[in-house]
Amino acid sequence: MEKTSDLIGKRRKKIEDLKNKKIDLFPNDFNVAHTVRDIVSSLEGVPGSGTDEDFEYVVAGRMLAINRFGKASFIRFRDRTGQLQAYIRKDKIGDKAYGLFKQLDIGDIIGIKGTMFKTKTGEWTLLAHELKLVCKSTRPLPEKFHGLKDPEKRYRRRYIDLIVNSDVRKIFIKRSKIIQAIRTFLLERDFLEVETPMMQPVPGGAEATPFITHHNALGMDLFLRIAPELYLKRLLVGGFERVFEINRSFRNEGVSSRHNPEFTMLEFYQAYATYEDLMDLTEEMFAYVTEAAAGSTTISYQGATIDMGAKWRRVSLFEALEEYGGVDANLLKDKEKLLEIAASKGIKVTKTGRLGKIITKLFDVLVEPKLIQPTFITGYPVEVSPLSRRSDQDPDLAERFELFIAGHEIANGFSELNDPSDQKDRFLQQMADREAGDQEAHLMDKDYIEALEYGMPPAAGQGIGIDRLTMLLTDSDSIREVILFPHMKPKGD
RNA sequence: GGGCCGUUAGCUCAACUAGGCAGAGCAACUGACUCUUAAUCAGUAGGUUGAAGGUUCGAUUCCUUCACGGCCCA
């Protein structure tokens, strides 16, 4: 039901014409021997004689620009490693091939055999001896100078975005490097990479609404995981003392510039470590990853300069509320007073209205946006940390931290609760909250309790949002800029 | 879910305060051109203005509803 535009129609005619000339539009017999990067690096330090008697390269790529003259043309093409200019001369490739070349379009994929020379302006250029069409493109690409700007088209047809917007390509290359660096960092520290279920009978490990799916043969509903946590900790019970998983979790919530229904998280667990050990480890990891992906430990994010290489400030939730939020720490056990403060600042408090929820809500609004430099916030109420170990000093507080950078939560870690009866009580409290109307409260996971009863070594674990970390390291203001195919509503036509 | 903004040629954008034949650049097509690089020069063609309805002699423009997107808020 698609309207055939004139441009596409013209190309189709051209394709018919080429077919009639027995030209294979989609061959797969061009043997690429070199990349643009190979060529460029082999020329380093070569002065460039301007002659064409040297080594013959065999490359392929997509044509992005053509400057045609009568009997010669300059083209610009790109492969996965970079861009290169080529010079196509009728007297070099022959009349027949030049005739074919004249019928090619920007966007076509071509193969070239040729040698390198320097143009008068000093640019290394591939002089084609042979030129072959490798894949015909039927649709016109966006304009060369402005590229594709419309965000809707960029996200829906990311492949075009990647062809014409080189900054976009760089973001996803960097994303890959970030994940690779994390993996290397953890593997070097003897962590084991694992995969745990994405379809779970009881969704756990976070406060969130899950997606529901159905297993036909078993006749049962399953839930797409909201976090891998409870399975990774079962592996601690099983004796894998250091595990990590980098993969998708799913939350059935609104879409925004910081939320995609499916997102990528790193979670890792280390036996015999505490949440304080993990703060140290996190500093090391972020310095390592930032250096590996960005080439420096200092980054620029939305105009702010952020130092990822230093030791970061550690401050308790209550102190932060006092310092950044102007909330008297003495009032933090007084629910009525806190509700007054919240109301006076126009902050809406969640349904159950438990003290811990009010405090964290106040924090989210009053403090979080102000934490630009990396900051660990510690001392969370146990009430809002149902999977965390209690502090030995204060049983109302959890041995937990969250990491904030550029005003956003980036990581959440804690010493793990491994006392099965305490864990059971926490689940029961969550179930009560759920009864009271908090639909995101954790569900009872009896199987997990049973696992704890076999004995889980003391441990600490942490989750890091990979998308948000990537946003940070690529200076992106929207999560959609770092997810190749962000969620979009289908557009009917 | 709410508020504001947007949707015009393949792409990037115009068409204003005031409703009056919908334009430009790039891309495309024809021709010239063997060192261009946002090539240049001459010419040609390209539109159901997101969809549906309304007001009007006349709607890209004003109104209503819907779809999709962006930003902000929840």
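What you are looking at is a predicted structure, and each value in this text was computed from that prediction instead of being measured. Just so it is clear: chains get the letters A, B, ... in the order the sequence lines come, proteins before strands, and each one is counted from 1.
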A:Lys489 side chain near B:C68 phosphate (N/O to OP1/OP2, under 4.0 Å): yes
Below the 4.0 Å mark, does B:G69 have OP1 or OP2 next to a side-chain nitrogen or oxygen of A:Arg156? yes
Please determine, for [N], whether a Watson-Crick or G-U wobble partner exists with both distances under 3.5 Å, and give it or none.
N: B:U37; result: none
N: B:A59; result: none
N: B:C26; result: B:G10

Looking at [N], does its base get a donor-acceptor pair with the side chain of [X] below 3.5 Å?
X: A:Tyr87; N: B:U36; result: no
X: A:Gln85; N: B:U36; result: yes
X: A:Glu143; N: B:G10; result: no

Measure from the side-chain heavy atoms of A:Asp91 and tell me the nearest of B:A28, B:C68, B:U34. B:U34
Between A:Trp312 and A:Phe286, does the ring centre distance come in under 6.0 Å? yes
Taking only the [atom1] atom of each, what is the distance from [N] to [M] in whole angstrom?
N: B:G53; M: B:U17; atom1: P; answer: 26 Å
N: B:A28; M: B:C72; atom1: C1'; answer: 41 Å
N: B:G50; M: B:G69; atom1: C1'; answer: 11 Å
N: B:A67; M: B:G23; atom1: P; answer: 33 Å
N: B:G10; M: B:U48; atom1: P; answer: 8 Å

Mark this stacking check for A:Phe74 against B:U36 as yes or no, applying ring centres under 5.5 Å and ring planes under 30°. yes
Rounded to the Å, how far apart are A:Arg258 CZ and B:C72 C1'? 12 Å
Evaluate A:Arg314 against A:Glu319 for salt bridge (Lys or Arg N to Asp or Glu O under 4.0 Å), listing each step before the verdict. CA-CA 10 Å; A:Arg314 300 177 186 190; A:Glu319 283 166 12; over 6 Å; no
Sugar-phosphate only, base, or nothing, as touched by A:Lys153 at under 4.0 Å among non-hydrogen atoms: sugar-phosphate
Is it possible for you to check whether A:Arg400 lies under 6.0 Å from the centre of the six-membered ring of A:Tyr380, through NZ or CZ, and within 45° of that ring's axis? yes
Is the NZ or CZ atom of A:Arg68 both under 6.0 Å from the centre of the six-membered ring of A:Phe101 and within 45° of that ring's axis? yes
Given RNA chain B, 5'-ward residue of the pair A:Pro142 and A:Arg68, judged by closest heavy atom: A:Pro142
Of A:Ile106 and A:Gly70, the one whose nearest nucleotide on RNA chain B sits closer to the 5' end is A:Ile106
